[in-house]
There are 2 protein chains.
Amino acid sequence: MSVTIKDVARIAGVSPSTVSRVLSNHPKISPATVRKVREAMETLGYHPNIMAKSLVSKNTNTLGLVLPRSAEELFANPFFSEVLRGMLACANLAQYDLLMSSANSQKEELEAVNRMVLGRRVDGVILMAPRKNDPIVEKLLEYDFPFVLLGRSLEHQDVHCVNNDNLKAAYDATNHLIAQGHRRIGFVSGPKDMVVSEDRLEGYRRAMREAGLACREDWVINADFLQESGFHAISLVMNLPERPTAFVITDDIIAFGMIRGLYDVGLRVPDDISIVSFNNINLSELSNPPISTIDIGIYHLGYLTVQLLIRKLSGESVSQTQITVPHRLLVRKSSMKTM
Amino acid sequence: MSVTIKDVARIAGVSPSTVSRVLSNHPKISPATVRKVREAMETLGYHPNIMAKSLVSKNTNTLGLVLPRSAEELFANPFFSEVLRGMLACANLAQYDLLMSSANSQKEELEAVNRMVLGRRVDGVILMAPRKNDPIVEKLLEYDFPFVLLGRSLEHQDVHCVNNDNLKAAYDATNHLIAQGHRRIGFVSGPKDMVVSEDRLEGYRRAMREAGLACREDWVINADFLQESGFHAISLVMNLPERPTAFVITDDIIAFGMIRGLYDVGLRVPDDISIVSFNNINLSELSNPPISTIDIGIYHLGYLTVQLLIRKLSGESVSQTQITVPHRLLVRKSSMKTM
DNA sequence: TGGTGATTTGCAAGCGTTTTCTTACCTGAC
DNA sequence: GTCAGGTAAGAAAACGCTTGCAAATCACCA
């Protein structure tokens, strides 16, 4: 069968406890013994059973990634790979693995979290893109289980999270369009119950208000993070009594869909309608025209989230609860009037 | 502390064994006892400790996903999210979770696999995009550990795998271009040591040969699965003594980069150069021009891989070792001459 | 009444580790 | 040569669960 600590002990002529101590680099162990044990491990091809280890030591070196329900939206978005890449890079460095489970309903979502948390399967949890009044947040707080938000909680200010200043980002994006001379500016929002949607919408509204511009309700279009949304949005846009000359769009992928949809109805970007979107997924630069976008540092978002969680787990008392990843506006052709 | 099976037993007035049996739906347990135990679990908020459970039962309900080293390439590609989505959907259905670990070097990669496999952390392993002479494949065969390839092994015919008929797919793509009247057709390949690259290149060559067309070595350009590759490829293309009028490209994202790069040097797709690529990532349809591509059924690829692995794990003797996901050519504007 | 077999439950060992507590051993000072 | 003081190694109990085997209970019939 598989080789255990006892086998190693027998071969090395020591007790299992000693082997265990060698394994965890216990200081008070003689170099000679260490050598003997190491050799035995080598010849037997020993590898510790992580289950047994976690059972007694009560940690798993695993982080749980809880995907928002109806994760389809997120998944289909390159944003997700990129944030995952950042997470894995950091986790990898600290010898952590990532456990993912997806869910289709809120019920399944809670079950998944319970399996992970109450089943002692992970040491900490990462919550992506939380919603308003997210029950998972409540649950984890109730359990007093370590977790970090990628995004922020509307209700709990003291929860550790990594986020952009989405309000400011949308504010910047809108102001850029205003500076380009646009007066009628629309906004395409993500799912209504997500905190990020709320923040960005607010940023857009603030910029419009400060510039003394009308902020009409029918210029705010709801979408989700799928390219089809961009496509669908077009019919709404076309039916508007007064059509905006520019849009702030909450996600590059929606922008792709919109540009395409506009093209099909004979409208050109940026000549007829200017566009600024969010995220700077790597393809946005290769779009035709290249898309002006707010670079939110996706990779860093993922990396720092995991880093924060690991710091929490290692007992470090992390006083700064909120980490803000800086954003910057990348002006490309989709928002450049007549060049 | 956390509530265990003993607590439940005490409250329900039965023995721990009985509780365990209720948990696993043991047939010979009286309905009355079941009810009592269920109630006790409910009031205590009991959740089984998965570590303890796996320690004795020797399975973890977890699948390990081993990413190819230098996974950056893959990650940055929407292909990856989509395949992951398929995997998670299937795993989720069967109550499995996915454990990911990434690695930067071959050494780290082997360590990760050992942690997973020898550490008894997962029940089975999924290997993505295997390379020629992949040491991980050898290792898993040596351990006799259940695993499934997403892709195929060049050396081992009897390994369970889910794959496309990449040779035929490239053959189809090339023939499509030939049918459009092209005679000078180039090929942009993925990393040389990956099996998929080999297969697609072979398909391209076969089509060219059968059509009696020259298959010049300097028309085969090596790239990796990054958009930058497409970009870089351009300088190579421009320096060719005799330039192809069309390209078969092994990945949509490279195609994006190439279209952009060609545009920048004043060449138009499809008017100057036609393009057919692979994968049909969702953005390929929204490209400008929309990209003709081989739809390889990414989602299904992921879904079926996990399904096959789970079937293996559940003891079902799966006789059919190779599952081929059908592909189809989607003709879009990037390969349509003058309309 | 006692024996038989079927059905339900409990006992206890074991899964592969870690860790506390003890013991054995060695060093050096008196 | 004895004993304190310290260091290195072992014994054994846990961690929370499963499961083979034995015991208990009960119905039934001779």
Side-chain angles (χ1 to χ4, degrees), chain A residues 1-41 44-62 114-123, chain B residues 1-41 44-62 114-123:
Chain A
M1 215 45 266
S2 80
V3 24
T4 79
I5 215 171
K6 282 186 193 163
D7 303 317
V8 177
R10 196 158 27 74
I11 299 294
V14 298
S15 78
S17 352
T18 305
V19 177
S20 170
R21 279 189 265 255
V22 170
L23 230 46
S24 49
N25 295 314
H26 192 99
K28 318 241 142 185
I29 220 120
S30 77
T33 325
V34 170
R35 204 176 34 71
K36 269 193 306 184
V37 171
R38 285 261 152 77
E39 265 170 18
M41 295 196 316
L44 289 176
Y46 169 78
H47 272 261
N49 180 317
I50 316 232
M51 295 299 160
K53 182 178 165 137
S54 330
L55 180 56
V56 23
S57 73
K58 277 165 178 9
N59 50 34
T60 61
N61 264 257
T62 305
N114 279 338
R115 268 213 314 273
M116 281 186 180
V117 173
L118 269 18
R120 305 284 151 188
R121 200 111 190 262
V122 298
D123 297 341
Chain B
M1 214 48 260
S2 82
V3 25
T4 80
I5 215 171
K6 280 188 194 163
D7 303 318
V8 177
R10 197 159 26 75
I11 299 293
V14 297
S15 78
S17 357
T18 306
V19 177
S20 169
R21 279 188 264 257
V22 170
L23 229 46
S24 50
N25 294 316
H26 193 100
K28 315 244 143 185
I29 223 116
S30 76
T33 327
V34 171
R35 203 174 36 69
K36 267 192 306 183
V37 172
R38 287 259 153 77
E39 265 170 18
M41 296 197 313
L44 289 177
Y46 170 78
H47 272 260
N49 180 318
I50 316 229
M51 295 298 158
K53 182 179 166 136
S54 332
L55 180 56
V56 21
S57 72
K58 273 155 181 16
N59 50 35
T60 62
N61 265 255
T62 305
N114 279 339
R115 268 213 314 273
M116 280 185 180
V117 173
L118 269 18
R120 306 283 151 190
R121 198 109 191 264
V122 299
D123 297 341

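By convention in this document, chain letters (A, B, ...) are assigned in the order of the sequence lines, proteins followed by strands, and residues within each chain are numbered from 1.
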Look at the side chain of B/Lys58 and decide which nucleotide, out of C/dG10, D/dT18, C/dC15, has an atom nearest to it. C/dC15
Residue A/Asn49, side-chain heavy atoms: nucleotide from C/dG10, D/dT18, C/dT17 that is nearest: C/dT17
Are any side-chain N or O atoms of B/Asn59 and backbone N or O atoms of B/Asn61, one a donor and one an acceptor, separated by less than 3.5 Å? no
Whole angstroms only, please: what is the CZ-C1' distance between A/Arg120 and D/dC15? 12 Å
Looking at C/dG14, D/dA9, C/dT18, which one has an atom nearest to any side-chain atom of B/Val56? C/dG14
Strictly below 4.0 Å: does B/Ser57 bring a side-chain N or O up to OP1 or OP2 of C/dC15? no
Tell me: CE of B/Met51 to C1' of D/dC17, nearest whole Å? 13 Å
Of C/dG16, C/dT18, D/dC21, the nucleotide closest to the side chain of A/Lys53 is C/dT18
Take the protein atom CD1 of A/Ile5 and the nucleotide atom C1' of D/dA11, then report the distance between them rounded to whole Å. 15 Å
Qualifying residue, where the test is side-chain contact (heavy atoms from CB on, under 4.5 Å) with A/Val37 and the options are A/Ile11, A/Ile29, A/Val19: A/Val19
Whole Å only: how far is the CG atom of A/Leu44 from the P atom of C/dG16? 14 Å
Applying a 4.0 Å non-hydrogen cut-off, can you work out what B/Ser54 is touching in the nucleic acid: base, sugar-phosphate, or nothing? nothing
Contacts of B/Leu55 and B/Arg21 projected onto DNA chain D by closest heavy atom; the upstream (5') one is B/Leu55
The side chain of B/Lys28 is closest to which nucleotide in this list: C/dT8, C/dC21, C/dC15? C/dT8
How close or far is atom P of C/dT18 from atom CG of A/Leu23, stated in whole angstroms? 6 Å
Looking at A/Ser17 and D/dA11, is any side-chain donor or acceptor paired with a base atom of the opposite kind under 3.5 Å? yes
Phosphate oxygens OP1/OP2 of C/dT9: is one of them under 4.0 Å from a side-chain N or O of B/Thr33? yes
Please pick, from D/dA11, C/dG10, C/dG16, the nucleotide with the shortest atom-to-atom distance to any side-chain atom of A/Ser15. D/dA11
In whole angstrom, give the distance that lies between atom CZ of A/Arg10 and atom P of D/dG10. 14 Å
By nearest atom, which of the nucleotides C/dT9, C/dG16, D/dA8 is closest to the A/Ser30 side chain? D/dA8
Nucleotide nearest A/Thr4 when distance is taken to its side chain, options D/dT18, C/dG16, D/dA9: C/dG16
Quick check on C/dT17: is either OP1 or OP2 less than 4.0 Å from any side-chain nitrogen or oxygen of A/Ser20? no
Pairs where residues 8-20 of chain A contributes a residue and the test side-chain hydrogen bond (donor to acceptor under 3.5 Å, both in side chains) is met, not counting sequence neighbours: A/Asp7-A/Arg10, A/Ser15-A/Ser17, A/Ser15-A/Thr18
From NZ of B/Lys6 over to P of D/dC15, roughly how many Å is that when rounded to an integer? 7 Å
Between B/His26 (NE2) and D/dC17 (P), how many Å, whole number? 18 Å
